[in-house]
There are 2 protein chains.
Amino acid sequence: MTQSDRRRSRPTMKDVARHARVSVSTVSYVLNDSGPVAPERRNRVLDAVRVLEYSPNESARNLKLRSASTIGMVVPELTNPFFAMVAEGVQKAASARDVLVVLVVPDATEQPEENQAKLLRSQRIDGVVYLSGTGSMPASIYDLARSGPVVLVDEQIPGMDLPAVVCESRKGAREVAAHALGQGHRRVAVIGGPPGLWTAQQRLAGYREAFAGAGLDPDSVPVFPGDYRQASGHDLAARALSDDPRPTLLICTNDLMAIGAMEYCREVGLRVPEDVSVVGFDDLPFSALLTPRLTTVRQPAHEMGFRAASALFELLENDESGAVGELPATVQIRDSVRPPGGGA
Amino acid sequence: MTQSDRRRSRPTMKDVARHARVSVSTVSYVLNDSGPVAPERRNRVLDAVRVLEYSPNESARNLKLRSASTIGMVVPELTNPFFAMVAEGVQKAASARDVLVVLVVPDATEQPEENQAKLLRSQRIDGVVYLSGTGSMPASIYDLARSGPVVLVDEQIPGMDLPAVVCESRKGAREVAAHALGQGHRRVAVIGGPPGLWTAQQRLAGYREAFAGAGLDPDSVPVFPGDYRQASGHDLAARALSDDPRPTLLICTNDLMAIGAMEYCREVGLRVPEDVSVVGFDDLPFSALLTPRLTTVRQPAHEMGFRAASALFELLENDESGAVGELPATVQIRDSVRPPGGGA
DNA sequence: ATGGATCATATAAACGTTTCTGCCGCCTGT
DNA sequence: ACAGGCGGCAGAAACGTTTATATGATCCAT
């Protein structure tokens with residue numbers, strides 16, 4: 001078979017109709033079960049469909065039905081396993097309903113995200129699941145939300161009441177910090193997320209609650225805002241650990257940055273957890289495989305993606321979003337935290 | 001704004017035409033630069049587009065133009081960072097050309113992959129980048145390729161000459177094995193990939209070349225076929241290491257399984273690399289962060305995805321695939337290999 | 001028998017584009 | 001002055017569906 005064979009235009013309903021000696025409407029009726037048709041003719045149609053290898057032109061259907069059976073999923077980057085897990089959840093919910101998921105990676109497209117709204121308006125997608133991440137919430141989210149249904153994941157926008165699927169970030173953050181503080185640490189530094197993100201703020205707030213609870217002045221704890229990427233964890237750890245006296249506990253707003261921080265520690269010969277304790281957030285699949293195993297907070301990433309997509313579908317069908325609720329975040333206590341000065 | 005406001009149908013070309021007091025064809029001409037139109041009227045149209053917030057209905061365009069400006073990307077699972085990296089490469093190449101990428105995860109859809117071919121036939125996507133992975137190559141790939149252009153990534157199908165982007169798997173495998181063997185190991189086991197996959201076969205062939213080169217009978221080395229997932233690395237390591245005498249070198253066909261193997265070693269108190277050396281394949285971003293740092297082979301994942309998508313676009317435009325070539329694979333020598341009996 | 005249901009089918013009008021075709025007026029070279 | 005070309009525009013036909021409407025049958029109750 002040559003390439004040009006493939007170009008040969010595919011059969012249309014008209015072809016099927018001719019082959020089955022019925023009208024196109026009859027074909028449509030049997031294909032969609034949308035009208036009565038005699039068994040004998042129905043079979044003729046079905047046969048024709050088979051022999052011609054017909055499948056409907058979805059562009060035409062979409063045009064007529066004004067729906068694309070497709071949603072957009074904007075994710076900051078797939079190489080962050082947390083995002084990848086959420087993406088799988090979204091994809092799973094979508095494919096269960098036979099809707100397609102188009103991947104939108106804002107960084108990959110140089111143009112301003114204004115294009116996302118245009119994409120939505122162009123009716124190629126019916127709605128979007130928005131996974132905010134690296135960087136701050138773009139102003140264009142307003143355009144987006146005006147153009148069609150949007151469901152946020154792990155994020156919330158104070159001004160607007162967009163449906164959002166989040167988890168107990170604040171509680172999880174408070175608890176993991178409290179656990180670490182309970183080991184006796186007094187010199188602490190936080191490697192934060194992008195200050196513009198709600199989630200980062202929530203986690204920070206949780207940490208501060210824990211600080212206060214441990215009798216530490218929250219304002220005395222330095223916060224180094226990062227971008228949720230490993231490299232930024234690495235670099236900020238360098239800054240944080242150059243303080244004198246050196247912090248004995250590094251609280252990182254996500255696992256990737258915690259890993260970057262541990263990478264730095266290894267480079268400069270600081271032992272984790274003997275010299276410095278580290279905690280993360282997310283519980284990536286391989287966080288438990290590091291040495292030391294990372295103490296962190298597990299977010300139900302897959303579930304969050306699944307719920308977000310489901311909420312979007314409800315929105316599309318009933319014009320109302322089901323309760324999206326808050327999912328549990330559970331702290332995972334492992335080996336990367338130890339009392340300060342614990343030595344070897 | 002209420003949800004129902006959003007449902008209000010979007011403006012069409014007709015609306016724009018009316019507002020600008022021109023015909024729809026004129027609107028189309030200015031929007032596509034496809035015909036001469038007087039500057040004054042052109043501006044009227046552009047203004048109307050702005051005030052009405054018009055954006056073209058892509059379903060209608062697709063119908064007329066018989067092209068969806070969308071490709072499919074089938075990936076076995078996003079949580080394998082190698083796949084995620086390839087996916088990002090694909091996405092990047094696509095968004096540079098303003099084409100959408102729809103994510104297809106075969107496992108997520110319970111139905112047989114026959115649907116993928118149907119998706120392609122339905123003209124919702126113009127072609128697909130196929131990332132084979134876990135499991136063996138489905139027979140349905142034939143249907144797929146018959147339905148439209150397909151470019152394979154990191155895989156090849158003996159019978160067919162589908163365009164494919166691969167890297168020097170065999171050479172990389174040979175070299176990394178040779179390096180490990182050079183340390184003196186004689187008792188070796190291989191944790192392989194799915195036997196049905198070309199890539200897995202290539203890597204295995206490379207290993208065997210190295211065995212022969214080191215004076216080892218390739219047939220005497222046990223091969224445990226896995227599925228490229230971490231759990232399978234874990235379980236197969238258990239099997240492989242229960243041999244007596246115990247192998248001192250575990251060659252894994254990808255990093256994820258190598259990590260699973262190391263996980264198992266840790267569980268049962270075997271030290272890596274003192275008691276058993278481990279090598280992987282892929283060089284995932286965090287493989288260098290493990291303890292010990294994993295010796296492996298780097299594949300240019302991002303580049304492979306990018307090239308595959310680019311090749312697909314050429315196929316779509318010129319009906320001929322550019323040279324897809326073979327990308328380099330470079331071995332990364334790190335700490336997970338040490339001479340046998342190296343002790344502490 | 002016959003009037004109305006009910007069933008089965010065909011015809012045709014949309015859906016929102018692109019683009020072919022044709023029309024009008026103007027310029028240009030003779 | 002006039003044929004031909006061309007810039008600038010509008011009209012209408014397509015693209016492949018879905019679905020409202022129209023048209024015949026058939027069937028039952030009167």
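Proteins come first, then strands; the chains are lettered A, B, ... in the order of their sequence lines, and each starts at number 1. None of these values were measured; they are calculated from a predicted model.
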Would you classify A:N62 as touching base, sugar-phosphate or nothing, given that sugar-phosphate means primed atoms plus P, OP1 and OP2, and contacts are heavy atoms under 4.0 Å? nothing
Mind calculating the distance between [atom1] ([X]) and [atom2] ([N]) to the nearest angstrom?
X      : N      : atom1 : atom2 : value
B:Q123 : D:dC15 : CD    : C1'   : 10 Å
A:E40  : C:dA8  : CD    : P     : 13 Å
B:N32  : C:dT17 : CG    : C1'   : 9 Å
B:K14  : C:dC15 : NZ    : C1'   : 10 Å
A:L63  : D:dA14 : CG    : P     : 17 Å
A:L65  : D:dA20 : CG    : P     : 12 Å
A:D15  : D:dT17 : CG    : C1'   : 13 Å

Would you say C:dG16 has OP1 or OP2 under 4.0 Å from some side-chain N or O of A:R66? yes
Hey, which of these two, B:K64 or B:R41, hits DNA chain D nearer its 5' end, going by closest nucleotide? B:R41
Determine whether a donor-acceptor pair (N or O, by modelled atom type, separation under 3.5 Å) exists between the side chain of A:R10 and the backbone of B:S147. yes
Can you find an N or O donor on one side and an acceptor on the other, under 3.5 Å apart, linking the side chain of A:Y29 with the base of C:dC7?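 Result: no qualifying N/O pair found.
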Strictly below 4.0 Å, heavy-atom distances to any atom of DNA chain C: list the hits from residues 18-28 of chain A, or just say none. A:V22, A:S23, A:S25, A:T26
Using heavy atoms and a sub-4.0 Å distance, could you list which residues of residues 45-61 of chain B are near DNA chain C? By number, please.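 Hits under 4.0 Å, by residue number: B:Y54, B:P56, B:N57, B:A60, B:R61.
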Pairing donors with acceptors under 3.5 angstrom, does anything connect the side chains of A:T26 and A:S23?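 A:S23 and A:T26 do have a side-chain donor-acceptor pair below 3.5 Å.
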Taking the side chain as every heavy atom from C-beta outward, state whether A:M13 and A:S28 have any pair of such atoms under 4.5 Å apart.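 Sidechains of A:S28 and A:M13: in contact.
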